[in-house]
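Throughout, a chain's letter reflects where its sequence line sits, starting with A, and its residues are numbered from 1.
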Amino acid sequence: MVRVLPDQPAIDKTFDYLVPDAVGDQVRVGTMVRVALHGRRVGGWVVADDVEPPAGVTLRPLAKVSGWGPPADVIDLAHWAAWRWSGRTAQFLRTASPDHVVRHGPAAGRPPPPIHVPDDEVIAEALERDRAVLRLPPGADPYGVALAAAARAARAGGHALILVPSIAGARYLGLRLRRAGLPVAVMPRDWALAATGATVVGARAAAWAPVRHLAAVVVLDEHDEGWQQEQAPTWNARDVAAERARRAGAPCVLVSPTPSLEALTWGELVAPSRAAERDGWPIVEVVDRRDEDPGRAGLFSERLAATVRSGRRVLCVLNRKGRARLLACTTCGDLARCERCDSSVVLDDDGAFACRRCDAVRPPVCLACGGRTFKNLRAGVTRVREELEALARVPVVEVTGDTRADELPDAAVFVGTEAVLHQVTSADVVAFLDFDQELLAPRYRAAEEALALLARAARIVGGRSGGGRLLVQTRLPEHEVIQAALLADPARASRSEAERRAVLRFPPVSALAAVSGAGAEAFVAALRAGGSPSPAGSPVEVMGPSEGVWLVRAPDHATLLDRLAATPRPPERLRVAVDPLRL
DNA sequence: CGGACAAGCTGA
DNA sequence: CAGCTTGTCCGG
């Protein structure tokens with residue numbers, strides 16, 4: 001008799017079935033099966049075997065054994081993740097399952113030859129720890145860490161799990177490891193090979209890959225916000241991988257040029273020498289815009305003008321979309337604002353004013369004088385491209401999130417949103433036209449995000465030894481984030497950021513969840529009622545609502561998640577985002 | 001999720 | 001009161 005969790009989003013409940021003798025040898029914890037449930041057949045996973053079914057129910061036999069599923073340790077991990085991100089076990093098991101039916105493992109390959117791993121003290125030191133945060137500068141090649149981890153896992157009689165933020169990056173790393181002689185499963189394609197035994201390389205979903213005898217875990221660019229899924233449950237592949245390592249007793253190395261505060265709280269920092277780290281960061285040229293005449297300055301300093309005219313390949317970053325972001329009435333000069341909440345409004349696709357905060361839409365008419373024409377106060381990327389072209393006297397190409405990388409014309413000067421750093425792979429200089437926008441963004445993680453942005457740009461231009469250069473226009477030249485990049489010392493930024501988070505009680509000093517949706521009000525009421533009789537002593541606070549979102553805060557994850565799990569969910573739609581990146 | 005069944009509504 | 005909609009419950 002086995003316990004089966006149906007693969008149905010709304011059924012978070014298990015049912016027991018008889019295992020027919022004929023298929024007994026194919027069924028274990030994790031096996032994917034089909035079962036009869038309430039008059040229909042549904043897929044599901046065996047989540048426990050040798051179970052004692054509740055009295056008074058007549059069991060039906062399994063309808064079919066579909067194929068291999070996640071190993072038992074991943075089934076346990078999915079139960080944990082359902083608690084950790086207030087989700088449902090089935091959602092995680094779907095991510096952990098092969099996308100095609102798997103009935104046989106791949107043919108056994110030749111035993112791998114001994115692999116040569118170059119000596120590297122810093123990497124070796126990181127792999128000695130149970131939980132290491134390895135701070136490698138942006139210019140460093142992460143291949144050495146992956147190879148050393150795979151070799152270490154092999155010595156321990158097991159396999160390594162290596163997570164890379166992008167799918168393309170994972171494929172490339174997989175190829176290089178395979179060339180070194182290792183059996184490598186690149187996820188999600190090689191699910192069956194991973195299950196039989198290989199070094200496993202992949203992107204976010206690979207945190208759920210089957211790994212035989214997990215013996216080392218590496219997460220590259222652990223600070224990358226892409227590790228977290230945007231939809232609820234907002235699970236984070238870095239945290240899943242770290243928990244897997246903990247459960248397996250395997251070393252876990254989180255690698256980043258700019259480690260997150262979460263990582264620094266979790267593990268021990270390992271970093272190369274100051275000289276080596278400095279070499280891996282580009283030269284940072286800070287242009288202090290306070291010296292300029294504010295009326296005339298625009299977005300282009302003298303330094304920037306000289307740089308775009310120098311003939312070098314320059315990427316200019318301005319995180320604003322093409323349409324105007326701040327409008328003023330041409331008649332009276334009043335700013336275009338929302339009638340309801342007073343926030344600034346932007347022109348939507350239909351030419352109406354749309355509020356960016358409260359969703360209100362109104363005709364484009366000045367509230368003060370009734371004027372109907374407006375001028376841009378802040379140019380978006382489209383306008384800036386034209387101005388920059390005039391300044392540079394060479395063609396300037398605009399890049400936004402919508403631009404297709406393979407259709408990008410070649411040019412010496414590009415301008416775009418952050419997307420330009422994803423789509424153009426090499427340059428001599430990356431220039432941030434208005435870095436204060438990153439530093440002062442109204443998000444609690446703005447400082448970390450700003451430093452990560454500099455690190456991303458640093459990868460494109462390369463370290464200082466190769467002439468890599470960043471140009472940062474700012475009115476905050478003393479800001480710790482800019483100083484951290486300038487001195488190639490990310491700790492400068494994390495120290496001050498840690499203090500700020502402690503004062504404001506933001507993560508990692510606390511644990512947060514954002515609750516929204518039609519059922520949020522009822523859920524939050526139940527959440528408040530579920531606490532200790534005296535709310536004053538309750539460690540779980542509920543704040544809000546602000547724009548329909550409540551924020552739940554607790555001193556730590558266990559307190560927060562136990563309370564969320566103990567609160568009954570209303571039948572209406574409810575989104576619970578644990579560890580929200582934006583508030 | 002989706003089928004079963006009960007309770008509620010409508011029109012003759 | 002048949003015939004339909006809407007809501008709630010529950011599955012092995």
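Contact annotation: the side chain of A:Leu62 never approaches that of A:Arg34 to less than 4.5 Å [non-hydrogen atoms, C-beta and beyond].
Judged by distance alone, the side chains of A:Trp68 and A:Ser97 never bring a donor and an acceptor atom under 3.5 Å apart. In this structure, a donor-acceptor pair under 3.5 Å is absent between the side chains of A:Asn236 and A:Trp85.
Each of A:Glu438, A:Glu449, A:Glu448 was scored for a side-chain hydrogen bond (donor to acceptor under 3.5 Å, both in side chains) with A:Arg443, with one residue passing: A:Glu449.
Counting non-hydrogen atoms under 4.0 angstrom, A:Pro571 reaches nothing in the nucleic acid.
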>> Set out, in order, the CA-CA distance, both residues' side-chain angles and the distance that settles ring-ring contact (aromatic ring centres under 6.0 Å, His included) for A:Trp208 and A:Trp191, then state yes or no.
In response: CA-CA 10 Å; A:Trp208 295 97; A:Trp191 193 97; over 10 Å; no
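Annotation: cation-pi pair A:Arg176/A:Tyr143 present, NZ/CZ under 6.0 Å from the ring centroid and within 45° of its normal.
Remark: A:Ala36, A:Leu37, A:His38, A:Arg40 in residues 36-52 of chain A come within less than 4.0 Å of DNA chain C through at least one heavy atom.
For A:Asp73, the salt bridge (charged side-chain N to carboxylate O under 4.0 Å, His left out) partners are A:Arg244, not counting sequence neighbours. A:Asp224 pairs by the salt bridge (charged side-chain N to carboxylate O under 4.0 Å, His left out) definition with nothing, not counting sequence neighbours. When the salt bridge (charged side-chain N to carboxylate O under 4.0 Å, His left out) test is applied to A:Arg171, no partner is found at least two apart in sequence or on another chain.
Along DNA chain B, the stretch of nucleotides lying under 4.0 Å from any heavy atom of chain A spans, 5' to 3', B:dC1 to B:dG3. Think of the region where chain A sits on DNA chain C: with heavy atoms and a 4.0 Å cut, that region ends 5' and 3' at C:dC10 to C:dG12.
Taking 4.0 Å as the cut-off between side-chain N and carboxylate O, A:Glu243 and A:Arg84 do not count as a salt-bridged pair.
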